[in-house]
Structure formats: structure tokens, C-alpha cells
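Below is one structure, written out as C-alpha cells, with a few remarks after it.
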Amino acid sequence: MRLVTLIIFVLGTWAHAQDKPVKSDSLDVVLDEVLIVAAKKAKIETDMKMAVSVDEFLASSESISFIKRGAYAWEPLLNNMSSERSIITIDGMHIFGACTDKMDPVTAYVESNNLSEIDIKSGQEGGLQGATVAGSIDLKRKSSAFGRANIWDAAYQTGFEFNNKQFFNLANASYSSDKLVVDASMSHRKADDYFDGNNDEVDHSQFTKFNTSLGVAYKTSDLSSLRVDAIFDKAQDVGYPALPMDLSLSRALITSATYKQFFENKLLKVWDSKVYYNAIEHYMDDTTRPENLVHMDMPGWSTTYGLVSKANLKSANYSAEIQLNAYDNLSIAEMRMYPQDRSEQTMFAYSWPWVTTRYAGLSMSNALDVSSSSVLNFGGTMGVNYNYSKYIEFNRIFHPGASQEKTRFLPSLYASYQWYPGKFDVSVGTGYGHRAPSVSEGYGYYIYNSFDRYDYIGDPDLENEISYEVNASVGFTHNKGHVKAKVNYFYIQNYIIGRILSAGSPMNYQSVGVKGYTSLDYATLFNFSLQADYHLLHNLHWNGTLTYARGLDDNQNNLPFIRPLSYQTALHYRFGDFRFQAELNGDAMQVNYSPEYGEDETPSYTNLNVSADYSFYISNYKTVVQIGAENVFNTYYSTYADWGNIPRMGRNFFTSLKINL
Amino acid sequence: MKYSNYLLLAISVVAVSCTVEKTDYEAEIATDTTEYFDFEEVSTINTGDYNLTIEALNGTLYKGYNEIHVTLEHAQSQEELSNAAVTFLPILTDANGKQSSCPHDYQLTYDTANGYYVGYAVFTDITSSTAGWELFMEVTLSGEIQAVSQTITVEEQVNKNLNMTAFTGNDNVQYFIALVAPQRPDVAENHLVAGVYKYIEPTQVAGDFPDPSQFIYAVVNDHTLLLDPRMPEPSMGNHSSPNNEDLTQQNDGLYHGVVNYTMTGNWTLNFIFQDAQGNTIKGTEVPTDFTPGIEGVKSELYIDILF
């Protein structure tokens, strides 16, 4: 670790020394154009709110829902599937949370002001970066282009949310010359407990997060560049009201070095290679919960090294990406229980017994223009996944003779056909892919799940989960609006889920029994979404979303965490420099719940959110102020995926200010 | 630009240190256990013609099960002798002068492969200011008997994984169960070994002291120890483990089974001791409910361990 940080430091200094203007030539322009395309600028903000957290931003996607354990670090569910089934990466880098209780999804280690966009791919199309069933979420960092018109660019954002007294400050700055680019960001958020719709304080829902990032890119030749990046994230004193423990500290250091080579007048356009290293430490804390019968320490560590190398090919009617992915992850989680008489010997076990995961995969995605109005996309991956459990004896307690090493082959294939007849756009697609069990599913040991109140035990010899998928969409574009319907259906063989074990007894005192991860013969998942938007007037815009999903196991019983019928409808009105937004969203009653997995029937709810913003200039600097309110009617509610039915936030007034410097 | 350098410096500083050190697992499970592999000399006794060297693990005799190795050599020629009959009788004299023994192998057997006489003793008490052990041995070679005695020291067994228990069964027989292995358990499936012995009441009047017929102990054959391991700590709520196997007698005369320890700490091995017909001699079934906050109920027959 010392070495890596030293390298970054040296590179940073060296890049600084190279900071002198260089005359641009035509080749530079070519390169810059490509780079600008690569660094597509999309804003991390929602229609309602301009200062959002990464979670709030992701929530605006119709294919993502969340399991919420509090106000912080929500676990994203893609296509109604838990995070083991999706690949979440930062600029293609694999990162794995260090918490056995999923307190730290990867999305918790970035901040909205160091991201440029989030790329969500559904199903096997997301398999480019690794084996997946649900798809992939790639968090793309900001990366300024060389030779930008304005050399300096900066933004500062601050705001206050009244419900939980969240005060945040986000700043980012970038420097761009012909040879050197520097992107930097820093942010701080601090929030107290939030209050629910009954104006009751939800204890242990506070958080503090600090995040900073730095990227330095240097143009090594007319057609090549080298970039080093680092993100440092630190969360402290984070409460998880739905869990029996909180977080005292989590830290992540995410580093990478990328070399990009462009090619002119060739089929091969860009070759982009990255080596990366990230380390996460995560320390749960229950000293804030004196009501707990047992005091426990539960630290976790996750360290990943990796390589991503990709080549983009393009000809007149064909483009492709070939990607080589390799990583090595070591996940360690410990638990130490303290007896009531502290002079007695403590009790120790590993909940992740030093589990190594190595993956290498070669994948290719292709897009072929079949005609001027139709495209065929197809591709696939061949991956090899290797697991090693250093202290396999833990796993062998429940699975005598379990293998210490396990190698799996993870193939995946997909194809889709897009057709644009007139104002319509139609697509049909299919996919097939394997995934390996996650560290917890394979090697987890007495991981307490406070939702169904069972201790979970992994099985190293679980079969690969195999997904067969079909999807289709139909869209219609009118000069004033657009409507699109999407469906997908997954048939997942060897679906991994926890089943009650007759052997063993609980270890965590809140627990009621032991569940082992086992494979169901199959499970099926169906997702439907309908999206529409329409310009009622030139300054009045409407959009709406309707989603429905259904998940069933092999006995036609409901799967857990499947979102009931949900809707969202919003109006946006612009008047001069003012903008007004109103949004209604909610879920219908959760009828298809799963008592087997600790779910109960969740009533329906509807939320109204409103906001208004005003743009003006402070001596040439564009400034936007926004005020708004979420849950205007102060409804008391919890959603189907709120862990332990914890209530959501009640009425929340928010204000924010953004200055572009 | 200055700022970014400071930032890098800051990142470098925080990155090099982990806030909480990872547990050294090997050291963790060795905290309360010491594993001994080497037999070392406890004592050497000279009978006149012979030297008897007594060896035990760590060169110490502990309360509980001890494997005993004895080498016999001619005092003058120092030639090792393999064809003698060697007997071994430990006697405890308590504060009242009452004499008793403990489970032991009276007639040692010669182990040709290793070149020593082998036996065992399950000491039921430690040497204290009021009670002491004396060892009586006889060497018979070519019809000639040489007897010798020596005071020995029995120390407390600090490794609770080698604990023992003595009890009187429903059949009024005095029994002894002593743990033999593992010395250092893991959070894993552990091969559990115990010795089970009984005291045989003398059928004849005592002769001259020490009369071996008054101190007969025997290995209990073909019985079963039903096993239910649990963590007694109240917060553990009577926690147990899966895939355990009851202890049954194997060819070495000892009882072998499997115990799974799911984490380090205090465990209670709850036993039900049954004869070959399945009649219970001692022990009761323990509740299997998960009862957080309440100390686990132990069987009538149990041994506590700690690692």
C-alpha cells in the first residue's frame, strides 16, 4: 500500500512539473475530440433536486430500487435483484464492500461531485465487466478533456436539509491545458437523526461522510495519455437504525493508473488499459447500542488489485469493444463477542475466513448496423473465477469436506436487435450467463441478517447461478414527447437464497435460527416499466413512470424484495429564470410479499415532493439556488424494502446553492 | 496545484495505516492452550541394577490424562532392556493418611518400534501441601523382581481441553472420563478423544502395601458417550454446533468422536454415558432451545473446555 501511494504522489508531483503550455496542432484536436466523447458530460442531479447523493441519483432510474437500512449507503437492487447479482464498478474497477451486513455497497464510496455519469446496463449486456445476472452499474468519474476552452473550471455547492439537519459542502475544480489535466473534488456531509412522518426521531440514523478525489492526466504523445486517479472516502459515526449495530469508521482508498492510446485511420480506435488498487476498511460498532445483550467487534477489510484493458474498434457500420478484466480480492471479516464478565475469555470467529476471489475474463461486445434503421448488438464473455478460503475449517463445520479452492467457468452471451421504423423504436434481446456465488454466499459464516433474523451460512460448493433472459422494448417518439415500455424476464437456474438449516443453532442473540445459502432449482423474475414524457407547453413538461415486477421461486412462492406496482409522475414548469417542479411518487400495496424471508405486507404510500429554483449571475458566475420539500404531507410510511420496516423520512425542507466558477 | 499535492500527501499518510489491526488467528487460538508434542524426562529412578526413565509430555505430570513412556536400561552397561515386565502404580496419600490410586496402566507394554514401555495415568488430584503422590514400580527380569518407589509431582492442568471428571454412575461404579485430544482445538471440526475408566472394587483383603489388587482400574469397553457441545455463556443463549459425533471406543481403547467448535471461548461438553445395551449410567439431556441471556443448563455429566 505504501508503494502504491508513493507512486501516486511521485506521479502527481511529476505531472505538476510538466505544467507548461504547449502549442496545439491538428492531431491534438483529433485526440481531444475523442477524449471529449469519452468524457461525456452528464449531470448527477435529478429533476427534483440539484444536490443529490449518489443514492438519490440512482433512485431516479426505473430499473433500480433500494434496500434501505437507514439514511446512508442504500443497497441498490438492479432489476429487483440483490447486489450479489449485479456488477458495481467505478470506471470499470471492481470494488467489494468490507461489511458482511452490506452496510457499504460500492456506491457508498463515491460522491456525486466526483462522478460524471452512471452507466446502467440490464442483464447480460452488463456482462462486459464481469459475471452478472442482473446487469451492471458503472460509476464514471469526472475526467476533463485536454485543451478545454476555459483552462480553469470549478463549482461549489452547499445546502441544508432541515429534517435531519444535513449540512453539506461539495467543491470540485479542474484544470485543463493541452498537456495536463487535473480534476479534484472534495465534499463533506454531516447529518443528525431524521424524523419520520409522526415527527418521531429515528434513532441511530445520523451520518458523517468525507470524500475527496484527484485525477491527473498527462498527454504523453499526440495520441496517448496517462492518467492517475485516487478517491479517498471516510464515513464516521454512521447509524443504521434497521440494524443492531452502527458504523464507527469506514475508509476507502481507490486508486488507478490508466494509459490510453489512440489510433488514427485504423479499425482499432482506442486502447485503454488500467491497473488499479483499492482498499476498504470497515468497523462496525455497537457501543452506541447499550440495549444489546452482547458487545461485539465486527471489523472487515476488503482489498482488490485489478487490471482492465479494453480496445474499441470502429468501422463504417460496425463497432466493437474487447475487454480483458482481471482482479484479485481478499475479503476478511471478523467477529469477536465479549462475555458479560469481561474478565472471561472473548469469543472469536471469522465471518469471512480470509476469502480470496480471483477473476479473469475476456469479453467482447459488438454493434453491427444491419440497415440504416436497425442495429444488431451481440457479445459474450468467458470468465474464470477462482476462490480460496484460508480458514476453510470454518466452512467445513457446516459443510464437512467443503473444497478449499474452487474454480468456476463463467460464460455469458447476449444478443439484441434494435429497429427504428419511423417514430418507433423496437428492441428484442436475449441473454445467457453464469455467475459465481458471492463471498457471503460461498463462505459467509454466521452472518446475521436482521431482516428475517437468521444467521446465514455460506456453502463453498454451490453451483453457478445460471440466468436465461429475454427482454424487449417499444418506444414511440412524438415531436412533443416520448413513450417507452420495457419488459424483461429472467429464468434463473440454481437461484441462490437462504434456506432454514435443521443443523446448528444461532450465534447472534437476536437470531432465531440458522439459514444456509442453497440453490433453488430455479426462480423467475419479471420486470416491466413504462415511461412517458410530454411537453404540454413549451415551458411545461410532464413525465411519468410506472413499474411492476414479480419474482417467484420454484414453488411459485414470492421472492423477497420485489418492488410492488410503483409510479412516479412529475410536472416541470419554467418561468424566466425560475423553475418549479412537483412530483408524486409511491408504491401500491405490497400484495406479493414473502413471509418466508421475513417480509410482511407493506401498505401503499404516496409522496408529494416540490421544489423551486432560481438561476442568476454573481459577477459572471452562474448561480442556482433551490428550495424544496420532500414528503410534503409528512406521511408516515415505510417501503417494501425498508429493512425491518423502519419508517422513512417525514417532511423534509431542503435548500441548496450552486455556483459555477 | 499546490492543493492537489497537499491532498496527495494527505492521502498517502492515511493510506499507509490500518485503523484496527487484523487478528492474528494462530495466536488467538493459542491464547489458552499450549500444545505439547515432545516427551521429556519427568524423573529417573534407580532400582539398583536398572535405571528407569519416566517421560511425559513437556516433562510434567498433570492432573488428567498422561501418556507415560518408560525406558529401562542396565545401570552399569547402559544397555536398553526390552524384555522386562514393568509395572506402574501411582498412590495418593491424603491429609488423613488415606491411600488411593487413579486410573492407570499397571502392566506397561513394550513398544518395539519406539523402544520404550508405554502406559498411562489419569491423575485425579494435584500434589499439594496435604496430599502427595508416590509412584511404585517393579521390574521383573529373568524371574528376578526389583521394586522401587519415588515421590512424583502432579501439577494442575492449565489447558482446559485436557480436563477430566470423576463420578459415580447409576450402577454405583466409580467412573473417570479424561480428555486426551485435541490439546489445541480449532474453530473447526475437531477429532475428540477421551479415555473412560472405572474402579474395580477389591474382592480380597489387602496384603502388604502397596497391594495392586486393592487399586485396580480398568478401561470401560463398548460404552458410548453421547455428545452435545454448548456454549454456557449467558449471552450465547445455549449455542451449539452441527455435525457432532458421539464418542465410541476404537482399537486403541480410547473413545473417539467429533466435536465442532463454532467459535473460540468457553464450551461445555455435555455427555450422556451409556453402556453397550444403551442404558444410561450418567448424564441428562440438555435443553436445545436458544435462550439468550440465560446460562446454558449442563448435563449431570459434563466437561468444560476453553480455547
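Letters A, B, ... are given to chains in the order of the sequence lines, protein chains preceding strands, and every chain is numbered from 1.
Among the residues in residues 260-287 of chain B, those with a non-hydrogen atom closer than 4.5 angstrom to a non-hydrogen atom of chain A are B:Asn260, B:Tyr261, B:Thr262, B:Met263, B:Thr264, B:Gly265, B:Asn266. Heavy-atom proximity under 4.5 angstrom to chain A picks out B:Met231, B:Glu233, B:Pro234, B:Ser235, B:Met236, B:Asn238, B:His239, B:Ser240, B:Ser241, B:Pro242, B:Asn243 from residues 231-245 of chain B. The interface of residues 508-518 of chain A with chain B, defined by heavy-atom distances below 4.5 Å, comprises A:Asn508, A:Tyr509, A:Ser511.
When heavy atoms are compared at a cutoff of 4.5 Å, B:Glu295 does not approach chain A at all. The contact between A:Leu249 and chain B is made entirely by side chain atoms (from C-beta outward), counting heavy-atom distances below 4.5 Å. For A:Ile332, the part lying under 4.5 angstrom from a heavy atom of chain B is the side chain only. Both the backbone and the side chain of A:Phe398 come within contact range of chain B, judged by heavy atoms closer than 4.5 Å.
Side-chain contact between A:Trp354 and B:Tyr25: absent, with no pair of heavy atoms (C-beta onward) separated by less than 4.5 Å.
Between A:Phe348 and B:Val187, the closest heavy-atom pair is O-CG2, 4.0 Å.
Most heavy-atom pairs under 4.5 Å with chain B: of the set A:Pro353, A:Ala503, A:Ala349, A:Pro339, this distinction falls to A:Pro339. Between chain B and the options A:Lys234, A:Met337, A:Glu334, the largest number of non-hydrogen pairs under 4.5 Å is found for A:Glu334.
For residues 298-307 of chain B, the set of pairs meeting the salt bridge (charged side-chain N to carboxylate O under 4.0 Å, His left out) definition, not counting sequence neighbours, comprises B:Lys298-B:Asp304.
In this structure, OH on A:Tyr391 lies 10.0 Å from CG on B:Asp186, to the nearest 0.5 angstrom. Atom CD in A:Gln345 sits 6.5 Å away from atom CD in B:Glu28 (nearest 0.5 Å). Within the model, atoms CG of B:Leu306 and CE of A:Met347 stand 10.5 Å from one another, a figure rounded to the nearest 0.5 Å.
Within a 6.0 Å sphere centred on NZ of B:Lys160, heavy atoms belonging to other residues, nucleotides or ligands number 12 at most. Within a 6.0 Å sphere centred on OH of B:Tyr302, other residues, nucleotides and ligands contribute 12 heavy atoms or fewer.
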